[in-house]
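Whatever order the structure lists ligands and atoms in, that order sets their numbers, starting from 1. Predicted, not measured: the structure shown is a model, and the values here were computed from it.
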Amino acid sequence: MNIRSSFFSGTNLDNFATSGALRFRARAAIPGGAHTYAKGDDQYPLLAPGFIARGLGCHVWDVDGNEFIEYGMGLRAVSLGHGFPAVVKAAVGQMSQGTNFTRPSALEVECAERLIELVPAAEMAKFTKDGSTATTAAIRLARAYTGRDMIALCSDQPFFSYDDWAICTTPMNAGVPRAMAELTQGFRYNDLSSAEALFARYPGRVAALILEAEKEVPPTPGYLATLRKLCHRNGALLIIDEMITGFRWPGCSAQSHHGIEADLSTFGKAMGNGIAISALLGRREIMELGGLNHDRDRVFLLSTTHGAETHALAAALAVMNTYRDEPVIETLHRQGSRLKAGIENSTQRRGLTRYFKLAGRTSNMVYACCDRDGVPSQTFRTLFLQETIRRGLLAPSLVTSYSHTNDDIDRTIEAIDGALAVYQKALEDGPEAHLIGRPVAPVFRRRATSTSAGTPRTKVRGSSDAKAS
Ligand SMILES: Cc1ncc(COP(=O)(O)O)c(C=O)c1O
């Protein structure tokens, strides 16, 4: 069968009848109707697949049987592709041998050693299940190591953890004790003076700075190295969150790529190709506080029932083997570059370069949709999502996987060109004339009913488009 012939090209809600019915049950049984905010209904247009039934490679099928080429791949957790045979084989093989015992498995040692080899600055590793627990553990460890309570996160970056220390900085901070906000400060990316000002304002009080080494813009020359020196000069640690950059940047991490040694770093997402596993890595002297070889106060570091399930460790080993043996990262970049060239050709041809913009490394592209004044617009984003969904794409971002073939990319370029033709018209006669239903809304908004992009901001956070997980 020619796979292209079965792609979705729907124009009305009947195409999503099963999704529509499931939506009511989901909202009755699950707060928000989904277990991750970024996957929720308010992040997608009305004309969208509500639930995915299965995936293979970079293709997914929704519960109505519609097929899509997927981008973003499970919030960047699936970098090799859905159902990637080597990972499935390793995980299933291990499941049949048991997944959790009363003593550790030898796989814990093997997986920790392999991960430490990958990250030059790391001397020890500890596993857990999701990124938030790993970054929270890094914060606790930094506080214990330095004997300080305050921490600072990069306020230009949207998400580090679902935990209080990070969520206290967002508009969605109900349920977080107010006192938390006094302990979390912000600093700006690529702006050393904002970090200097922080240390000057709170001398001897900041335990650590946490940031992603690179997001949509790369670090300015010397920024990361100077930031590290600044931290150390002020008795603080530098934590690099590699949840997104890990297994996507050349060398498997942004710290390797930029030649910077973090004191602590956190990995997750692509590390298990969709199977839950994440890790805290760091220098022995710091990590050991969670261990037995010291006479300082002990840190309760990531001790969980499920943290080192054997099938997830086997999956992570299979992922690392695949990255070692095959040109995964080169492929993510190559296919991203092919996509970028095709889209930019389309935006130039259509005069849309001011309105539809790509950003980020080609292994991790995102896009911005702007209105006719060139201002980021949730309504235009929703219209773009609607029109790409109509043409068989599910693309909240344009993050490629190892499974995206040339054919997938070329088909995507064609579909995006079609969506941009509608965008072009909407710039003339208004997006409302083309959009079915309400626009999407940012995850981090105070009230569920607000669909405005102009949500209130806290003292730390700068982005109203922040996505949770
Ligand atoms: C940079 C970053 N850090 C941490 C997290 C939290 O990871 P998780 O959703 O696995 O808890 C995310 C999730 O999106 C992230 O993007």
Enquirer: With a 4.0 Å cut-off on N to O distance, would you call Arg140 and Asp163 a salt bridge?
Expert: no
Enquirer: Heavy-atom pairs closer than 4.0 Å: do any link ligand 1 to the side chain of Ile244, the backbone, both, or neither?
Expert: side chain
Enquirer: What do we get for Phe160 next to ligand 1 when only non-hydrogen atoms under 4.0 Å count, side chain, backbone, both or neither?
Expert: backbone
Enquirer: At the 4.0 Å heavy-atom cut-off, does Leu75 count as touching ligand 1?
Expert: no
Enquirer: Take atom CZ in Arg298; do more than 12 heavy atoms of anything else shown fall under 6.0 Å from it?
Expert: no
Enquirer: Within the structure, does Ser132 bring an N/O atom to less than 3.5 angstrom of an N/O atom in ligand 1?
Expert: yes
Enquirer: Between ligand 1 and Thr135, is the shortest N or O to N or O distance under 3.5 Å?
Expert: no
Enquirer: Under 3.5 Å, N or O to N or O, is Asp241 touching ligand 1 that way?
Expert: yes
Enquirer: With sequence neighbours excluded, tell me which residues meet ring-ring contact (aromatic ring centres under 6.0 Å, His included) with Tyr189.
Expert: Tyr223
Enquirer: I'd like to know if Arg283 and Glu261 make a salt bridge, using a cut-off of under 4.0 Å between side-chain N and carboxylate O.
Expert: no
Enquirer: Give the numbers and elements of all ligand 1 atoms closer than 4.0 Å to a heavy atom of Glu212.
Expert: 1 (C)
Enquirer: For atom 13 (C) of ligand 1, which of Arg76, Lys269, Lys129 has the closest heavy atom?
Expert: Lys269
Enquirer: Which part of Asp130 is near ligand 1, with near meaning a heavy atom under 4.0 Å away: side chain, backbone, both or neither?
Expert: both
Enquirer: Between ligand 1 and Met243, is the shortest N or O to N or O distance under 3.5 Å?
Expert: no
Enquirer: Describe, in one word, how the ring planes of Phe68 and Phe16 are oriented to each other, choosing from parallel (under 30°), tilted (30 to 60°) and perpendicular (over 60°).
Expert: parallel
Enquirer: Answer yes or no: is there an ion pair linking Arg23 with Asp41, defined by an N-O contact shorter than 4.0 Å?
Expert: yes
Enquirer: Going by the salt bridge (charged side-chain N to carboxylate O under 4.0 Å, His left out) test, which pairs reach into residues 225-246, not counting sequence neighbours?
Expert: none
